[in-house]
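Scope of the values below: all heavy atoms of this structure, side chains included, with no hydrogens, waters or symmetry mates.
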Amino acid sequence: MSTPYPFTAIVGQDDLRLGLLLNAVSPAVGGVLVRGEKGTAKSTAVRALAALMPEVSVVSGCRFSCDPVAPDPACPDGPHEAGTGVSRAARTVELPVGASEDRLVGALDIERALSEGVKAFEPGLLADAHRGILYVDEVNLLHDHLVDLLLDAAAMGASYVEREGVSVRHAARFLLVGTMNPEEGELRPQLLDRFGLTVEVAASRDTDQRVEVVRRRLAYDDDPDGFAARWAQEEGALRARIAAARVLLPEVVLGDGVLRQIAATCAAFEVDGMRADIVMARTATALAAWAGRDEVTAEDVRQAALLALPHRRRRNPFDAPGLDEDKLDDTLRDAADDADGGDDDPDPDGPGGGGLPPQGGGPDAEGGPGTESGPGTESGPGEESGPGTGRPDAPAPAGGGEQQPVRASEPFRTKMLSVPGLGEGAAGRRSRARTEHGRTTGALRPQGALTKLHLAATVQAAAPHQRARGRSGRGLVVRRDDLRQATREGREGNLVLFVVDASGSMAARQRMSAVKGAVMSLLLDAYQRRDKVGLVTFRGKDAEVVLPPTSSVDAAAARLESLPTGGRTPLAAGLLRAHDVLRVERMRDPSRRPLLVVVTDGRATGGPDPVALAARAGRLHAAEGTASVVVDCESGFVRLGLAAQLARDLGGSAVTLDELRADSIAGLVKDVQAAGRAA
């Protein structure tokens with residue numbers, strides 16, 4: 001095994017290190033989610049933490065790491081008698097993004113369960129991580145049902161595997177750490193809430209600090225063992241401090257005044273539910289123990305709020321996580337006054353009493369294996385032009401020149417748009433697909449390991465052979481050839497590629513605010529349905545890919561908000577650029593079906609016969625079977641119907657901005673008319 005990079009050698013990243021250490025002191029805090037750009041020591045810090053964790057004593061031979069002092073009575077390898085065990089280092093178990101459900105929770109041998117009535121169980125990663133660290137890199141890319149299982153186990157301290165009436169339970173208590181790059185997509189708010197703490201990390205822009213990062217990294221690469229030896233004393237001191245804080249933790253007093261501050265803070269910031277209050281209380285207690293104090297102070301509460309509340313304030317994917325610190329200070333002060341000035345005065349030295357171990361490279365740099373990638377972030381157009389500052393009702397400038405971006409109107413709930421047919425793409429919530437989870441639609445012979453048993457089909461396959469197999473008792477004699485895998489139908493996520501008309505014809509009719517609001521609404525719908533999204537715009541003489549296909553819906557929203565308008569309408573160029581994007585994506589991810597959403601009034605200008613060129617480009621998409629929807633933005637008393645004609649060329653359908661709303665009267669009338677015709 002390679003020598004890990006020392007935790008104390010990581011330069012800066014104070015919030016990251018503090019969040020990890022607080023969970024090491026008190027795993028009841030609930031884990032930590034680390035958000036940040038690539039190359040910021042996220043993975044390095046998590047792997048380095050394992051070397052600081054105290055050793056654990058386990059029952060010899062137990063695959064579930066039972067504590068010999070108090071073994072789990074329900075352990076599948078038990079029962080164990082209390083006694084002495086063997087000591088080993090705490091494990092760090094990594095959950096790959098592509099892991100299956102069986103790999104995470106374990107697998108039952110269904111054949112033996114049916115034929116022999118025994119619970120033959122192969123433990124999964126949750127069992128391996130018991131009493132250690134479970135690390136999920138790129139947790140935002142993990143399938144939702146796996147994240148649900150993972151967080152349920154973390155909350156309950158146990159994992160349950162149930163298949164066709166056969167149930168196995170084992171203890172699963174671990175320090176949960178997830179890392180993610182927000183550019184690649186967000187976690188759902190319900191899942192964000194299940195992580196106790198969240199920290200934001202970013203690379204330092206200070207030259208001296210970056211130099212120190214590189215210096216330490218190169219020294220580690222040249223001689224990992226020697227580099228680790230130079231930091232051994234600091235590592236030992238930090239390890240001892242964690243152990244001392246764990247011993248002190250049960251003695252820490254959480255006074256009524258402090259509890260009032262916690263409750264007032266959560267109420268003031270309007271967080272949902274009570275989990276935030278509980279996490280803040282546990283975090284503040286861990287902060288006091290970490291500082292060597294036996295009483296929680298107001299400064300502990302303040303630090304706990306900064307770690308536990310920002311990610312719980314998000315109401316939709318376009319909200320940036322964060323906390324108004326002035327409001328936080330006012331809330332804590334008011335709550336302290338209401339408590340008649342209890343003994344919860346802020347500690348002037350801060351929650352750490354000196355805080356984290358001293359760092360030689362400055363407070364904001366980072367180091368460790370694979371972390372020296374530099375800034376590594378792409379600037380969005382919004383960084384240059386800012387969010388829309390123009391007025392939505394501003395007239396187009398003479399000559400069709402470029403206008404300043406306008407703000408999007410308020411998003412609304414959209415109608416369901418889906419890809420016809422039955423797909424086999426990544427799990428999501430948009431189009432029908434064959435999936436691992438959903439309603440059972442049939443059965444077939446398993447091609448590999450059996451994961452979802454179709455019990456009725458299995459019994460039906462085994463029944464004719466019972467006499468030949470010498471069945472004498474009540475049990476069914478089942479062979480592997482009898483087993484049948486259940487086929488299930490659920491929903492998949494799609495690639496929703498937006499092609500948005502940003503030409504002067506849209507802006508001149510004062511519609512761009514409404515158009516942006518509609519696209520923003522569709523982006524919100526795509527986030528909820530777990531789609532990938534891309535954005536192509538066309539205006540002037542050409543089209544451009546403003547955002548290549550990504551899982552980051554908020555990145556698409558930022559690009560859209562800063563989108564300028566004006567110029568001619570090269571509709572054909574937009575459709576052809578979209579065709580190129582979809583061709584590349586089909587090679588990259590052939591199982592993810594695309595949905596093309598063209599937002600335009602159907603007009604086309606520039607070049608010879610631009611309308612005919614657009615029609616040919618549309619038929620090119622239709623020939624490849626791309627599902628498409630045209631959002632018709634035409635307005636006024638005289639309508640040319642060009643968007644509807646474009647939809648026919650694309651082989652798709654057209655909806656107006658009004659019909660796009662889920663609660664629109666026009667949509668309701670269409671639904672009623674369709675129902676009447678069907679009757």
Side-chain angles (χ1 to χ4, degrees), residues 7 10 13 15-24 26-50 53 90-99 101 103-105 124-126 128-130 132-157 159 172-202 275-276 279 282-283 307-312 314 317 321 366 368 370-371 427 530 551-552 554:
F7 189 89
I10 297 172
Q13 301 295 18
D15 286 346
L16 169 59
R17 293 186 295 123
L18 181 60
L20 291 173
L21 290 170
L22 291 177
N23 275 273
S26 176
V29 165
V32 58
L33 176 65
V34 185
R35 298 164 45 93
E37 61 195 33
K38 51 188 174 292
T40 48
K42 299 188 298 290
S43 301
T44 298
V46 176
R47 296 187 177 106
L49 180 66
M53 299 288 285
R91 292 173 179 157
T92 296
V93 176
E94 296 192 30
L95 174 62
V97 169
E101 181 179 335
R103 184 73 187 98
L104 176 63
V105 301
L125 295 176
L126 291 180
D128 292 342
H130 180 45
I133 300 172
L134 182 60
Y135 171 47
V136 189
D137 194 13
E138 307 293 356
V139 65
N140 52 321
L141 304 183
L142 201 63
H143 284 178
D144 280 356
H145 74 282
L146 292 183
V147 179
D148 286 330
L149 289 170
L150 177 66
L151 295 175
D152 282 344
M156 296 186 297
S159 174
R173 293 183 296 276
F174 45 81
L175 193 167
L176 176 63
V177 183
T179 59
M180 60 175 283
N181 184 344
E183 293 177 349
E184 298 172 340
E186 285 286 355
L187 276 172
R188 289 184 287 136
Q190 298 93 327
L191 301 180
L192 278 173
D193 183 55
R194 301 292 291 275
F195 281 94
L197 310 179
T198 294
V199 295
E200 299 278 340
V201 295
R275 184 175 284 118
V279 170
R282 289 172 174 165
T283 305
L307 293 171
L309 295 188
H311 61 296
R312 294 184 165 89
R314 290 183 63 126
E366 66 280 9
T371 62
R530 314 305 291 167
S551 296
S552 179
D554 51 347

Just wondering, do [Y] and [X] contact through their side chains at under 4.5 Å, heavy atoms?
X      : Y      : result
Leu150 : Leu126 : yes
Val32  : Leu20  : yes
Leu149 : Leu104 : yes

At what distance, to the nearest 0.5 angstrom, does [atom1] of [X] lie from [atom2] of [Y]?
X      : Y      : atom1 : atom2 : answer
Ile133 : Arg91  : CD1   : CZ    : 13.0 Å
Leu18  : Thr283 : CG    : OG1   : 9.5 Å
Met180 : Glu138 : CE    : CD    : 8.5 Å
Glu200 : Gln13  : CD    : CD    : 11.0 Å

Review point. Judged by atom type as modelled, is there a donor-acceptor pair below 3.5 Å linking the side chain of His311 to the main-chain atoms of Phe195?
Key: yes
Practice item. Start with the C-alpha distance between Leu21 and Leu49, add both sets of side-chain angles, then the distance that settles side-chain contact (heavy atoms from CB on, under 4.5 Å), and finish with yes or no. Key: CA-CA 8 Å; Leu21 290 170; Leu49 180 66; 4.2 Å; yes
For the student: nearest non-hydrogen atoms of [X] and [Y], plus distance:
X      : Y      : result
Arg35  : Thr198 : CD-CG2, 3.5 Å
Ser159 : Ala172 : N-CB, 4.1 Å
Gly196 : Val279 : O-CG1, 3.3 Å
Ala99  : Leu146 : O-CD1, 3.1 Å
Arg530 : Asn140 : NH2-O, 4.3 Å
Gly132 : Ala90  : CA-CB, 4.5 Å

**Study point:** Residue pair Val139, Leu33: steps toward the side-chain contact (heavy atoms from CB on, under 4.5 Å) verdict
**Key:** CA-CA 9 Å; Val139 65; Leu33 176 65; 3.6 Å; yes
**Study point:** Test applied, side-chain contact (heavy atoms from CB on, under 4.5 Å); reference residue, Phe174; option that passes from Thr92, Leu125, Leu134
**Key:** Leu134
**Study point:** For Asp152, all residues meeting side chain to side chain donor-acceptor pair (under 3.5 Å), sequence neighbours excluded
**Key:** Arg194
Check your understanding: Can Leu307 and Leu22 be said to form a side-chain contact (heavy atoms from CB on, under 4.5 Å), step by step?
Key -> CA-CA 11 Å; Leu307 293 171; Leu22 291 177; 3.8 Å; yes
